[in-house]
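Structure first, then comments.
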Amino acid sequence: QVRLVESGGGLVQAGDSLRLSCQASGRTVSRETPAWFRQAPGKEREFVAAITWSGDNQGYADAVKGRFTISRDNAKNTIYLQMNSLKPEDTAVYYCAAGPRLHITTARTISYWGQGTQVTVSS
């Protein structure tokens with residue numbers, strides 16, 4: 001019922017910026033809270049940011065606060081993640097996700113996942 005397709009990843013240098021996009025589709029998309037997660041090699045998948053479709057609430061992991069910004073375009077069913085001042089520790093596969101608002105920061109509660117897009121930040 002929900003399909004998520006990420007794009008925008010790439011190889012950049014520390015301090016650079018990237019903008020990830022997630023195109024969402026499906027009948028129940030509007031009932032899910034969209035979010036971004038990431039997973040680095042050898043590490044657990046971790047929460048990055050989330051936003052409600054209404055835009056009345058959003059949240060960020062401490063590691064990205066002040067550097068990343070999540071936004072949405074309801075008309076296009078698209079979620080964006082603007083990543084500035086990228087650091088090598090931001091290197092990971094970034095996943096678009098959709099799930100329940102109450103537990104959106106926990107990967108195990110996520111209902112839908114995108115394929116992921118690789119972000120590599122060199123030093």
Side-chain angles (χ1 to χ4, degrees):
Q1 289 185 301
V2 176
R3 176 176 168 81
L4 305 171
V5 181
E6 305 99 329
S7 63
L11 174 62
V12 299
Q13 294 180 289
D16 285 352
S17 298
L18 279 175
R19 186 182 187 237
L20 305 183
S21 298
C22 174
Q23 178 65 51
S25 61
R27 297 178 182 178
T28 62
V29 166
S30 63
R31 294 179 171 84
E32 305 286 344
T33 296
W36 289 95
F37 283 72
R38 67 186 183 184
Q39 187 166 21
K43 296 184 178 180
E44 296 182 354
R45 191 168 298 186
E46 65 177 3
F47 171 78
V48 175
I51 188 170
T52 57
W53 286 109
S54 66
D56 64 346
N57 197 20
Q58 58 184 282
Y60 299 88
D62 288 342
V64 306
K65 287 181 179 178
R67 299 188 298 119
F68 291 11
T69 302
I70 188 170
S71 61
R72 85 280 185 255
D73 185 333
N74 291 5
K76 297 170 61 177
N77 287 146
T78 301
I79 302 298
Y80 305 97
L81 185 68
Q82 178 66 45
M83 304 183 293
N84 298 327
S85 301
L86 283 163
K87 304 175 181 179
E89 52 262 45
D90 294 319
T91 295
V93 176
Y94 283 70
Y95 296 91
C96 187
R101 179 177 178 177
L102 185 60
H103 301 291
I104 196 63
T105 63
T106 304
R108 61 179 174 82
T109 68
I110 296 298
S111 300
Y112 305 98
W113 296 99
Q115 294 282 353
T117 184
Q118 178 71 47
V119 173
T120 302
V121 185
S122 65
S123 59

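Since the model is a prediction, treat every value here as computed from it, not as a measurement. Residue indices begin at 1 and follow the sequence shown.
Residues Tyr112 and Ile70 fall within the same hydrophobic cluster, defined by Ile, Leu, Val, Met, Phe, Trp and Tyr side chains chained together at heavy-atom separations under 4.5 Å. Linking ILVMFWY side-chain heavy atoms closer than 4.5 Å, directly or via other members, places Phe37 and Val2 in two distinct hydrophobic clusters. Side-chain heavy atoms closer than 4.5 Å link hydrophobic residues (I, L, V, M, F, W, Y) into clusters, and following such links, even through other members, never connects Ile104 to Val64. Cluster membership check: Leu18 shares its hydrophobic cluster with Tyr60, using side-chain heavy-atom separations under 4.5 Å among Ile, Leu, Val, Met, Phe, Trp and Tyr. No path of Ile, Leu, Val, Met, Phe, Trp and Tyr side chains, each step under 4.5 Å between heavy atoms, connects Leu81 with Trp113, placing them in separate hydrophobic clusters.
Taken from OG in Ser71 to CZ in Arg19, the straight-line distance is 6.0 Å, to the nearest 0.5 Å. Glu32 contributes atom CD, which lies 9.0 Å from atom CG of Leu4 (distance to the nearest 0.5 angstrom). With rounding to the nearest 0.5 angstrom, the CD atom of Glu46 is 9.0 Å from the CD atom of Gln39. The structure places OG of Ser25 at 11.5 Å from CD of Gln1, a figure rounded to the nearest 0.5 Å.
Of the candidates Met83, Lys76, Gln82, Lys76 is the only one forming a side-chain contact (heavy atoms from CB on, under 4.5 Å) with Tyr80.
Taking the six-membered ring where tryptophan is involved, the planes of Phe68 and Tyr94 are tilted, since the angle between them lies from 30° to 60°.
A salt bridge links Asp62 with Lys65; the closest basic N to acidic carboxylate O contact falls under 4.0 Å.
In this structure, the side chain of Thr91 engages the main chain of Val121 through a donor-acceptor pair within 3.5 Å. Remark: side-chain polar atoms of Arg72 are paired, donor with acceptor, to backbone N or O of Trp53 under 3.5 angstrom. Here the side chain of Glu6 pairs a donor or acceptor atom with the backbone of Gln115 at under 3.5 angstrom.
When all heavy atoms of Ala98 and Ile110 are compared, the closest pair comes out as O-CG2, 3.5 Å. Scanning both residues, Ala24 and Val29, for their nearest heavy atoms gives CB-CG1, 3.9 Å. Contact between Asn84 and Ser17 at its shortest, heavy atoms only, is OD1-OG, 2.9 Å. Of all the heavy atoms in Thr78 and Ser21, the pair that sits closest is CG2-CB, 4.5 Å. When all heavy atoms of Ala92 and Ala40 are compared, the pair lying nearest together is CB-N, 3.8 Å. The shortest non-hydrogen separation linking Arg31 to Arg27 is NH1-O, 3.7 Å.
Qualifying side-chain contact (heavy atoms from CB on, under 4.5 Å) partners for Ser85, counting only residues two or more places apart in sequence or in other chains: Arg67.
Side-chain contact between Gln23 and Asn77: present, with at least one pair of heavy atoms (C-beta onward) separated by less than 4.5 Å. Side-chain contact between Ile79 and Ile51: present, with at least one pair of heavy atoms (C-beta onward) separated by less than 4.5 Å. Annotation: side chain of Cys96 is in contact with side chain of Trp36 (closest heavy-atom distance under 4.5 Å). Proximity of Arg101 to Asn57: side-chain heavy atoms (C-beta onward) are separated by under 4.5 Å at one or more points.
Around atom CD of Glu89, more than 12 heavy atoms belonging to other residues, nucleotides or ligands sit under 6.0 Å away. In Gln118, the CD atom is crowded: over 12 heavy atoms of neighbouring residues, nucleotides or ligands sit closer than 6.0 Å.
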